[in-house]
Every structure is written in structure tokens, then in C-alpha cells.
Amino acid sequence: MQLIKFLISVSWQRIVAIIAAGLVCGAANTYLLILIRSVVSPEPQPPDMLTRFAVTGVVVLASGVLSQVLLIRLAQEAIFQLRADLSSGVVSAPLEQLERLGTHRLIATLTEDVRSLSQAVTAIPSICVDVTTIIGCFVFLAAVSGPIFAITVAGTLVSIACVEMFLKRVRKIYHEARENEDVLLRSFQAVTLGIKELKLHRGRRRDFMDRHLLGTAGTLRAQNVEAGSKFSVAQGLGQTFQLLTMALILFVLAAAMHVPQETMVAYVLITTFLSMPMQNFMHRIPDLLRGDVALKKIRGMNLSMTSGPNEDLLPYTERPAAGEARLELANVSYSYEMHTPPPPPPGPGGPGPKGPHPMGPPPDDGSGFALGPIDLTFEPGQITFIVGGNGSGKSTLAKLITGLYVPRTGSLVLDDEMIDQSNVEWYRQNTSAIFTDFHLFEDYLGFDRTGIDDEVRHYLEELQIAHKVTVKDGQLSTIALSQGQRKRLALLTALLEDRQIYLFDEWAADQEPRFREVFYKEILVNLRNRGKTVIVITHDDRYFDCADQLVKLEYGQVAEVTYPAKSLQVA
Ligand SMILES: Nc1ncnc2c1ncn2[C@@H]1O[C@H](COP(=O)(O)OP(=O)(O)OP(=O)(O)O)[C@@H](O)[C@H]1O
């Protein structure tokens, strides 16, 4: 039912056309049955019997093909819209929401659910023709004999009730199986991303395979077998009731009511004619059930993605980028939301206010990591290093600085302009960032200026990677490179962007010492000389003196701000 509603929401006009074609097909099928019956009946046949048969046959074929073609178009349109909606949902959801959902769930929906749904939707055309034929046969049966019709309908209703009883359980199993598919996908992700770790440790590999991957796959197999078997039993039970109904009509009703031979012949003809669409319909039910489960999952995912602000709707006005970017963080704080924070312990006075943790790690009270409140200023033509221990909040701060996270309190101010929902999209266009989990696109998307290949070639030389990679029509020859080389390509993209604010999250960590020197002493200095606001997250204490400002984070708080370059000048 949900599936039909979904298709109607895509285009009700097409649904009307499809139903009309389906009805014509069903009616023509029924008329064909009437013709066949009169051929086998002893009564004289009309002279144009063959013509009627041929014309009806053509109508059955034409309307059947038309309704199928219309439905296939509609189904594909629906699937396209679904894919488009889901992808735009991903693009427009806030980063923190996507991080909470997890990539494995997103991928499961984008692939598995869309596949199940498309399978269900493509089954609908033949189901439509089957259902109209079934209805037509029943109408004909009613015309042939009232009592036989009544008993057949009663028998069919009992069969449907029986099948439905089983289907409730089957539906529940499909739901549970779908949840397991998320877990299985996470294991697939782990087996591909963690293949090196698994190959190097037999015990871990065996444990992972047995307990995680094969464990979940086994449960899924059991669930699908249980659902399939239950459905087969339901189908068998339905067929048994149909047979019992037939036996009742053939052996009891026919004799008791002295039903004429001709009526019985018509009855047998109709039941034989009915069996094909009935069987087709039954076989499609599991696809429909799985499609229904997938649709719910897709809607749930869409809802989770759209429950926050839609970043696609953020206002954006084309205006020049900031000239020289003075960026201020005023009282900025951020905290990760945990899924189910434990309730505060009951007691006198209740939970106290959460304070900062200047002296040590915060107590693990189950709530997420909290950063700030932070007050910092990043000047143009200045290099700021952000340093601190693992988990001190450097990358979280980077996402706040780049406008990817929205501060819980406080605000970002760029050149005296407060950044909020109305200008954050513009603000993001002022920042070039390379995060530790950066992604490299093979072609230079979004650069529509001419001569981009020459610019890329220039930077390939400058970043000492021209011997490995070439560029043609904005496309790189390869990105199958070492991590350090890939980072140089990411830096190349950042330099091409030529934005005002540059942020590098542990960029130099994978570079050889010689090129590390080039990065700190040449590339960063060059950016500073060009008036850029440069922010570098680093653990390289050898180069701390390259920083104009050095910010030290501890447990989400600014522990210290020093000015190494200035003190060097003074010395
Ligand atoms: N997506 C997330 N959801 C929930 N908590 C997170 C998330 N990302 C990070 N955290 C938490 O925030 C804290 C700070 O993480 P962050 O990545 O900012 O640290 P970092 O200083 O960059 O560490 P490192 O030097 O190891 O890269 C961590 O303790 C981590 O548990």
C-alpha cells in the first residue's frame, strides 16, 4: 500500500493512465475468457467469432504492453527521484548529522534499500495486470453462477486471511533482517578498510570473521530462510483452501444444486485461467514486502537527514571574498551529542553545572566531548599553529573555524561581520581546508577558468610531484599514489582555490623531512606573505618557531597562547 502511495506521489496522472490501461487489459482478458467459453459450449457460435477473438487478443496485448511500459517509466522515474532526493539529502544535511548517522547506514540505504525498492516497483506492472485479470474473472464468475461465485469468494477470503496471518510474521522478519544488513555493511566496511590488520593477525581475522562478518551473515541467512519458509507454508495453506473450495464446488455443490454441465465447464475454465495471475501475484509478494521495508528505511533516513536545517537552502549571495580575513572566535563552544545520555543520578540538589576542566580530563559522565568556550583571533598575514594532545579538540576546532560545525554558543566574526545562517555558505567559500580524512577528486571540479591545466602543471612542479602525475583537460592522470603524494595533490587543489583562510590539519605528518621543511619554511611563509590567514594543526615541535601565534589546547580548552615568531624577533 505504501508503495502505491509512493508511486501516486510521483505522478497521479500516470497512475490514472496505467489503471485505465490495466482495466482495459483485465476486461479484455475476461472477454477472451467468455469467447473461449462460447467456443467450447454446445450452443451455436456467432459467425464473426474468429474476428472477435483476434481483436480481443490484440486489445489484451496492446493494453497489457501499454500499462507495463507506462508503469516501467513511472517506476524508473520514482527510483530516479528517490536517488536524487537521497543524494541531495546527504549533500544538504549538516556534517554533524551525517557523522552521527554513520557512513555504513547511508551506504546501506543508498544501495540496498534503493535496490529492494526498485525490485518491488518493477514488479508492480505485472501485478497490476494480474489483479485486473483476477477481478475480471471474478466478475465473469458472478455472471455465470451466483452460488459458485459466493463460495469461491469465501474460499479466497479465507485463503487471504490465512496468508496474511503468516505475512505479519514474515514482514517482521524482513524488518529485523534489514536492521542486520546495516550491521553487515559495517562489517564489510571493516573487512575492506581493515584488510591489512586482518591479514597480519590470524586470531583477529578468525574472530572478526566468526563473530562479526559471518555471524551477522549467518543470522541474515537464517532470517531470510525463516521468512521464505513461512511464506511458502502460507502459500501452500492458501492453495489448500483454494483446492478445498474447488472440491466443495465440484463434488458437493454441483450435485446438491444440480448445477448444469455448461456452468461447470465455465467454472473450470475460469479457475484454470485464474491460476496463472494468482500464482504470479503470490510470487511477487516477498518483493513487495521487502520493498515496503526498504521504503520505510529510506523515509526514516530522509527524515533523519532532514530533521536538522537544510544546508541547501542556506542563503548565498555572490559577493567578493573577504579581502584580508581577520577571523575572530568569540566565546565559541561546541559539544558532541551522545545518542542516549544517561539520566542524571537522583539526589539532593540534582546534577551540578558542568564546568570547564582546566586541570585534567573531564569525568566520563556519558555526555559527549565539549570544546570551549574559546576566544581566539586569527590575523591575516599571520600563521597560527594549533597544538595539543590527542583528543584535545584540534580537529573539532578546525570544523568550527571552517564553518562546518555550528557553534553551540558564541560566534565567528570575519572582518567585523558576524557569521550566522544568513552568510555561513558565503563564509565557507573563503576557506580552503585539508583535513586528515581528506578526499581527492580525480578531476578539477568547479574550476571553470581557462588555463587550469597550466596552473596545475605549475603547482605539480612546485610540489615536486610532476614526475608522477600529469594533467589533461582538468583531469589528473592518476590518484593512486602514496599518502604523502596524495596530500600534495590536496594541497595543490587548496592553492588553486586561492582563498583567504587556509587550514591544514596535520598536513605535514606524512611528508618526508625535506618536503616538511619546504612546507613550513616556504609554502606557509609564501601564504603569509600574500596576506592569507593561515591556521595549521600540527605536532611538529621542530617548527613551532615558524608560528606567529601558537595556541595550545588541552581537554577542549585553550591552555596557552604564545607568539614564538615575535619572541624570536625580540631575541
Ligand atoms: N564525530 C564525533 N562524535 C562524537 N565525538 C567525537 C567525534 N569526533 C571527535 N569526537 C570526540 O571529540 C574529542 C576531540 O576529538 P578531535 O578529533 O577534535 O581531537 P584532536 O585534538 O584533533 O585529536 P588528534 O590529535 O588525535 O587528531 C575526542 O575525544 C573524540 O572522542
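Counting starts at 1 for both ligands and their atoms, following the listed order. As a basis for the values below, the full set of heavy atoms in this structure was taken, side chains included, without hydrogen atoms, waters or symmetry mates. Because the structure is predicted, anything quoted here is derived from the model rather than measured.
Ring geometry for H439 versus F441: interplanar angle over 60°, hence perpendicular rather than tilted (30 to 60°).
With hydrogens left out, the protein atom closest to atom 26 (O) of ligand 1 is N390 ND2, 3.0 Å, a heavy atom. In terms of protein heavy-atom proximity, atom 15 (O) of ligand 1 is closest to T396 OG1, 3.8 Å. The protein non-hydrogen atom at the shortest distance from atom 27 (O) of ligand 1 is E506 OE2, 3.7 Å. Looking at atom 17 (O) of ligand 1, its nearest protein heavy atom turns out to be S395 CB, 3.6 Å. Scanning the protein for heavy atoms near atom 30 (C) of ligand 1, the closest one is F369 CB, 4.7 Å.
Annotation: F519 is not in aromatic contact with Y543 [ring centroid separation under 6.0 Å not met]. In this structure, Y520 has its ring center under 6.0 Å from that of F385.
For G393, a nitrogen or oxygen atom sits less than 3.5 Å from a nitrogen or oxygen atom of ligand 1, counting backbone and side chain alike. In terms of polar-atom proximity, S392 is counted as a contact of ligand 1, with an N or O under 3.5 Å from an N or O of the ligand.
Listed for the R499 side chain is no donor-acceptor partner under 3.5 Å among the backbone atoms of S432. In this structure, the side chain of W507 engages the main chain of K487 through a donor-acceptor pair within 3.5 Å.
Donor-acceptor pairing under 3.5 Å is recorded for the side chains of T409 and S333.
For atom 6 (C) of ligand 1, a protein heavy-atom neighbour is found at a distance under 4.0 Å.
Heavy-atom proximity to E99, at under 4.0 Å, picks out these atoms of ligand 1: 1 (N).
Residue K394 touches ligand 1 through backbone and side chain together, judged by heavy-atom distances below 4.0 Å.
Taking a cutoff of 4.0 Å between a charged side-chain nitrogen and a carboxylate oxygen, R206 and D210 do not qualify as a salt bridge.
For the side chain to side chain donor-acceptor pair (under 3.5 Å) with H458, the qualifying choice from E461, E455, E462 is E462, the only one to do so.
Nearest-residue assignment for atom 12 (O) of ligand 1 (options Y555, Y336, F435; heavy-atom criterion): Y336. Distances from atom 23 (O) of ligand 1 to the heavy atoms of G389, G391, G368 put G391 nearest.
Look at H539 and you'll find a heavy atom under 4.0 Å from some atom of ligand 1.
Distance check: T431 OG1 to L327 CG gives 7.5 Å after rounding to the nearest 0.5 Å.
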